[in-house]
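Reminder, nothing fancy here: chain letters follow the sequence lines and each chain counts from 1.
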There are 2 protein chains.
Amino acid sequence: MQSAPATRREIPGATVARLPVYLRALRAAAAAGTDVISSEELARAAGVRSSGLRKDLSFLGSYGVRGVGYDVEHLTEEISRELGLHREWSVAIIGMGNLGHALAAYSGFATRGFSVRWLVDSDPAIIGRTIAGKTVIGFPQFEQFADDGVIAVLATPPASAQAVTDQVVALGIRSILNFAPVPVHVPDGVEVRKVDLATELQILAFHGQRAGVEA
Amino acid sequence: MQSAPATRREIPGATVARLPVYLRALRAAAAAGTDVISSEELARAAGVRSSGLRKDLSFLGSYGVRGVGYDVEHLTEEISRELGLHREWSVAIIGMGNLGHALAAYSGFATRGFSVRWLVDSDPAIIGRTIAGKTVIGFPQFEQFADDGVIAVLATPPASAQAVTDQVVALGIRSILNFAPVPVHVPDGVEVRKVDLATELQILAFHGQRAGVEA
DNA sequence: TAGATTGTTAATCGATTAACAATC
DNA sequence: TAGATTGTTAATCGATTAACAATC
């Protein structure tokens with residue numbers, strides 16, 4: 001087991017959130033045949049400023065060459081490693097309502113290396129049914145597979161989101177993507193990210209209305 | 001036409017992003033029969049600190065009563081108005097691939113007052129098909145309906161995201177929810193929010209890996 | 001009045017940005 | 001060497017938080 005270099009700083013949350021964006025831009029560059037890329041070019045592709053990009057990358061280490069730029073393959077590798085993408089991550093979708101169905105059919109997870117392995121629901125009427133080629137299982141069966149290499153995608157109704165969260169945390173899951181439109185509480189060491197589609201629309205409504213007033 | 005009070009401050013972006021969360025918590029409180037709620041209670045329901053909640057609300061005006069709390073109905077009304085939810089907002093989903101299908105079937109938009117009115121695609125093989133009870137139309141037909149009361153939900157492949165963005169902006173649309181995993185560029189006065197599901201998983205992977213290392 | 005809770009202040013914290021010395 | 005571009009600094013900006021005076 002190797003330890004990180006002593007100079008390694010804690011990576012700010014805002015930086016972590018941008019690493020996947022850089023990764024995608026790097027892969028696009030590689031696909032276009034680019035071997036070396038400058039912070040200016042990469043920043044443009046990622047939609048950020050070059051100074052911010054360089055600052056973000058400086059938290060990972062010193063992977064650029066002054067006067068030249070960044071080696072696309074090497075930087076891709078370093079960011080992937082930093083993000084933990086060399087580990088196997090499986091996804092379990094919990095809650096097979098409307099949104100759960102939609103997510104089960106969505107191929108965007110797989111294209112980035114996350115395989116949707118389990119569809120879970122507590123309703124006996126749904127357990128056993130096949131959705132997007134997979135059989136829906138109940139919690140007792142899911143319990144055998146769940147561990148800290150699994151990301152739980154919560155697509156339950158808001159009323160049961162907290163109870164289901166408590167269940168998956170008890171199974172050892174430490175990463176939760178919450179689509180239920182309520183905040184859930186978790187113990188330390190468990191990470192929750194929240195996606196709320198209706199909230200995004202409401203934020204757009206605010207700005208749209210503003211733009212109208214100001215015009 | 002009424003002008004805003006002279007004391008009205010510009011509302012910070014971080015505050016705007018939390019208003020929908022407060023709104024939902026207020027509606028839950030109303031449904032539970034609560035008439036008046038303290039910042040402490042509302043903050044707990046919304047998953048924020050009470051001091052932050054009070055600061056957020058202070059940007060809208062002075063709607064609380066010292067020693068008492070906030071009138072649930074009144075505050076609901078004020079936040080709704082601030083968010084522009086009294087206007088009619090229609091949603092057009094652009095791009096009827098896997099994710100577009102999923103979003104068309106998702107009922108979560110409607111339950112918060114946004115009605116999905118149009119499904120749009122450029123592929124002649126898809127135009128005319130019925131998805132989730134609606135007929136898919138092409139851009140020429142969509143053009144007749146698009147205006148600044150429409151929110152465009154981009155669910156196209158990454159390669160065509162920018163071109164489609166340019167098209168909808170040209171039609172007068174000023175609010176875009178971008179599910180395509182690339183940044184799109186828009187002129188001033190057009191607001192883009194980005195939802196990237198795979199990115200969320202990658203951020204969770206980072207934290208999950210970290211937790212493992214530290215344990 | 002006494003108790004409760006808001007609205008605001010001031011301090012802290014974290015993120016962004018431009019500029020430039022370091023260096024390939 | 002000259003030109004280019006990184007990595008880092010320092011300044012700015014915006015967001016968060018605790019504390020408390022104001023006041024119902």
Could you state the CZ-C1' distance from Arg54(B) to dA18(D), rounded to the nearest angstrom? 10 Å
Taking only residues two or more places apart in sequence or in another chain, which ones pass salt bridge (charged side-chain N to carboxylate O under 4.0 Å, His left out) with Glu78(B)? Arg81(B)
Distances under 3.5 Å only, N/O to N/O: pair up the protein atoms with those of nucleotides 21-24 of chain C.
from: dA22(C); atom 1: N3; to: Arg66(A); atom 2: NE; distance (Å): 2.9
from: dT23(C); atom 1: O4'; to: Arg66(A); atom 2: NE; distance (Å): 3.3
from: dC24(C); atom 1: O2; to: Arg66(A); atom 2: O; distance (Å): 3.3

Over all strands shown, is Gly52(B) touching base, sugar-phosphate only, or nothing at heavy-atom distances under 4.0 angstrom? base
Starting from Watson-Crick (N1-N3 plus N6-O4 or O6-N4) and G-U wobble pairs under 3.5 Å, report the runs of at least three that DNA chain C belongs to. C:3-24 with D:3-24
What is the separation between atom CG on Leu53(A) and atom P on dT17(C), rounded to the nearest whole Å? 12 Å
Treating Trp89(A) as the side-chain partner and Gly84(A) as the backbone partner, does any N or O pair qualify as donor plus acceptor under 3.5 Å? yes
Would you mind telling me which of dT16(C), dA15(C), dT8(D) lies closest to the side-chain atoms of Ser58(A)? dT8(D)
Residues of residues 33-49 of chain B with any non-hydrogen atom less than 4.0 angstrom from an atom of DNA chain C: list those, numerically ordered, please. Ser38(B), Ser39(B)
For a quick test of your reading: what N or O donor-acceptor pairs under 3.5 Å do the side chains of residues 172-184 of chain A make, sequence neighbours left out?
from: Arg174(A); atom 1: NE; to: Gly189(A); atom 2: O; distance (Å): 3.4
from: Asn178(A); atom 1: OD1; to: Ala180(A); atom 2: N; distance (Å): 2.9
from: Asn178(A); atom 1: ND2; to: Ala180(A); atom 2: O; distance (Å): 3.4
from: Asn178(A); atom 1: ND2; to: Val182(A); atom 2: O; distance (Å): 2.9

Without placing hydrogens or testing angles, list every side-chain donor-acceptor pair under 3.5 Å for residues 99-109 of chain A, not counting sequence neighbours.
from: His101(A); atom 1: ND1; to: Met96(A); atom 2: O; distance (Å): 3.1
from: His101(A); atom 1: ND1; to: Gly97(A); atom 2: O; distance (Å): 3.1

Judged by atom type as modelled, is there a donor-acceptor pair below 3.5 Å linking the side chain of Thr165(A) to the main-chain atoms of Ala161(A)? yes
Output the single nucleotide from dA15(D), dT8(C), dT6(C) whose closest atom is nearest the side chain of Tyr70(B). dT6(C)
Taking the side chain of Ser51(B) as its heavy atoms from C-beta onward, which of dA18(D), dT9(C), dA19(C) lies nearest to it? dA18(D)
Take Ser38(B) and Glu41(B) through the test side-chain hydrogen bond (donor to acceptor under 3.5 Å, both in side chains) and record every step on the way to the result. CA-CA 5 Å; Ser38(B) 70; Glu41(B) 291 170 283; 3.2 Å; yes
